[in-house]
Amino acid sequence: MADLKSTFLNVYSVLKKELLEDPAFEWSPDSRDWVERMLDYNVPGGKLNRGLSVIDSYKYLKEGKELTEDEIFLTSALGWCIEWLQAYFLVLDDIMDSSHTRRGQPCWFRLPKVGLIAANDGVLLRNHIPRILKNHFRDKAYYVDLLDLFNEVEFQTASGQMIDLITTLEGEKDLSKYTLSLHRRIVQYKTAYYSFYLPVACALLMAGENLDNHVDVKNILVEMGTYFQVQDDYLDCFGAPETIGKIGTDIEDFKCSWLVVKALEICNEEQKKLLHENYGKADPANVAKVKALYHELNLQGVFADYESKSYEKLIASIEAHPSKAVQAVLKSFLAKIYKRQK
């Protein structure tokens, strides 16, 4: 695995070098330095799970055949396109949310020399994706499908972000709109398509598959993405900050979290009143009251029940798939996230 990661990181260096010498633009030392610093700060810093899973998925689809150097490079390049997409979303998300830290360091826009130049950097990151695809996939039969895929998933993610943002609008805080179906829509569009479906779809296209024949795979991965986000919502409140690497603020931020949706479903009128009075307030005393109510309603038990039921349902859907190779891809994804602590 460490070896795979270092190969993957080498491909980042190659792609970055190409972008910094893109003939469509007349580079100056200053512009080149800026873009290089911006890329190094925002693109390779995360866990790289999304990018690496393109390579993993392709390996499973090749059913144990040794990948050629070219295949390793191309799957890595697609993996990096997803990491670029992620960086673009995060740079802009952090501005929208007025966040302070990301991946244990200050958000890019918080750096003294950066500020709102970060908005244009986000646009640049987004534009690097078709440059990479053009450089390496232009002669492939599936080139247009790749472009379509990235465009569609980006549209779905931006639309998910939009429902999330308009739901948490200041001055319109209304807990009664928070339902399981709204939570599901936000999660499906904002997270599941780009984090779960996109890496596998890239691998399927490279393996010569037609995505129209794999709607069932998309549905299973979107379910998995939903389960992943419910875990995230749970860990935001009940996870140990030193384990998850951040301090959860979903309660303060009035987020349409799975926990608050479940609480609203099972609480009595008095508890509902307490939620309405304390949810979405920054004061630690208000947050503590919400957390105490979550404990009182045994949301930890409700989550444990949800987790095991989701797992059983996902396994059943996966095992119903006719292809053993596709089953292996899906099971590897599920194994990475089942009962995770961070």
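No hydrogens, no waters, no symmetry mates; every other heavy atom, side chains included, goes into these values.
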So does [X] pair up with [Y], basic N to acidic O under 4.0 Å?
X: E265; Y: K262; value: yes
X: K17; Y: E21; value: yes
X: E277; Y: K289; value: no
X: K16; Y: E36; value: yes
X: K47; Y: E83; value: no
X: D33; Y: R37; value: no
X: D56; Y: K336; value: yes

Look at the rings of [X] and [Y] and say which category their plane angle falls in: under 30° parallel, 30 to 60° tilted, over 60° perpendicular.
X: Y194; Y: F89; result: perpendicular
X: Y193; Y: Y189; result: tilted
X: Y306; Y: W258; result: tilted
X: Y41; Y: W108; result: tilted

Mind checking whether [X] and [Y] have side chains closer than 4.5 Å, heavy atoms only?
X: I82; Y: F150; result: yes
X: L125; Y: L39; result: yes
X: Y234; Y: S257; result: no
X: L85; Y: R126; result: no
X: D283; Y: N286; result: yes
X: K291; Y: C237; result: yes
X: K281; Y: E252; result: no
X: T157; Y: E154; result: no

Would you indicate whether [X], at its atom [atom1], is surrounded by more than 12 heavy atoms from other residues, nucleotides or ligands within a distance under 6.0 Å?
X: F155; atom1: CZ; answer: no
X: E152; atom1: CD; answer: no
X: I166; atom1: CD1; answer: yes

Taking all atoms of both residues into account, what is the closest heavy-atom pair of [X] and [Y], and its distance?
X: Q271; Y: E296; answer: NE2-OE2, 3.0 Å
X: W84; Y: V43; answer: CE3-CG1, 3.8 Å
X: L149; Y: A201; answer: CD2-CB, 3.6 Å
X: C202; Y: L146; answer: SG-CD2, 4.4 Å
X: V11; Y: A77; answer: CG1-N, 4.1 Å
X: V153; Y: L198; answer: CG1-CD2, 4.1 Å

[X] side, atom [atom1]; [Y] side, atom [atom2] - distance, nearest 0.5 Å:
X: L259; Y: I251; atom1: CG; atom2: CD1; answer: 7.5 Å
X: Q86; Y: S195; atom1: CD; atom2: OG; answer: 6.0 Å
X: K255; Y: D236; atom1: NZ; atom2: CG; answer: 9.0 Å

Task: Backbone of S99 reached by a side-chain donor or acceptor of R110 within 3.5 Å - done: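 Side chain of R110 to backbone of S99, a donor-acceptor pair under 3.5 Å: yes, one is there.
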Task: Whether T101 side chain and G104 backbone form a donor-acceptor pair below 3.5 Å - done: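 No, T101 side chain to G104 backbone: no donor-acceptor pair under 3.5 Å.
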Open item on the list: I need the full list of ring-ring contact (aromatic ring centres under 6.0 Å, His included) pairs touching residues 48-80, with sequence neighbours left out, sorted by first then second residue.
Closed with: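 Only F8-W80, Y12-W80, F73-H136 qualify under ring-ring contact (aromatic ring centres under 6.0 Å, His included).
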TODO: Verify side chain to side chain contact (heavy atoms under 4.5 Å, CB included) between V123 and L92, making sure each step is shown before the conclusion.
DONE: CA-CA 9 Å; V123 175; L92 297 184; 5.6 Å; no
TODO: For Q229 and K190, run side chain to side chain contact (heavy atoms under 4.5 Å, CB included): C-alpha distance rounded to whole Å, both residues' side-chain angles, the deciding distance at 0.1 Å, then the answer.
DONE: CA-CA 10 Å; Q229 187 59 49; K190 189 181 166 176; over 6 Å; no
Open item on the list: Please determine whether salt bridge (Lys or Arg N to Asp or Glu O under 4.0 Å) holds for the pair E319 and K331, giving the CA-CA distance in whole Å, both sets of side-chain angles, and the decisive distance to 0.1 Å.
Closed with: CA-CA 9 Å; E319 290 181 345; K331 281 184 174 173; 3.0 Å; yes
If hydrophobic clusters are built from ILVMFWY residues whose side chains come within less than 4.5 Å, do [X] and [Y] share one?
X: I117; Y: F25; value: yes
X: L204; Y: I318; value: yes
X: V91; Y: L116; value: yes
X: V187; Y: L180; value: no

TODO: Would you check, one step at a time, whether the test side chain to side chain contact (heavy atoms under 4.5 Å, CB included) holds for L124 with Y88?
DONE: CA-CA 8 Å; L124 270 180; Y88 148 62; over 6 Å; no
- [ ] Could you give me the CA-CA distance, side-chain angles and deciding distance for Y197 and H214, then say whether ring pair (Phe, Tyr, Trp, His ring centres under 6.0 Å) is met?
- [x] CA-CA 11 Å; Y197 173 59; H214 292 285; 9.8 Å; no
Open item on the list: Can you pull out every side-chain hydrogen bond (donor to acceptor under 3.5 Å, both in side chains) where at least one residue sits in residues 89-98? Sequence neighbours excluded, please.
Closed with: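 Residue pairs passing side-chain hydrogen bond (donor to acceptor under 3.5 Å, both in side chains), neighbours aside: D93-Q161, D94-R102.
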Open item on the list: Before you tell me yes or no, could you show the steps for I337 and F196 under side chain to side chain contact (heavy atoms under 4.5 Å, CB included), namely the whole-Å CA-CA distance, both residues' side-chain angles and the distance that decides it to 0.1 Å?
Closed with: CA-CA 11 Å; I337 62 169; F196 285 80; 4.0 Å; yes
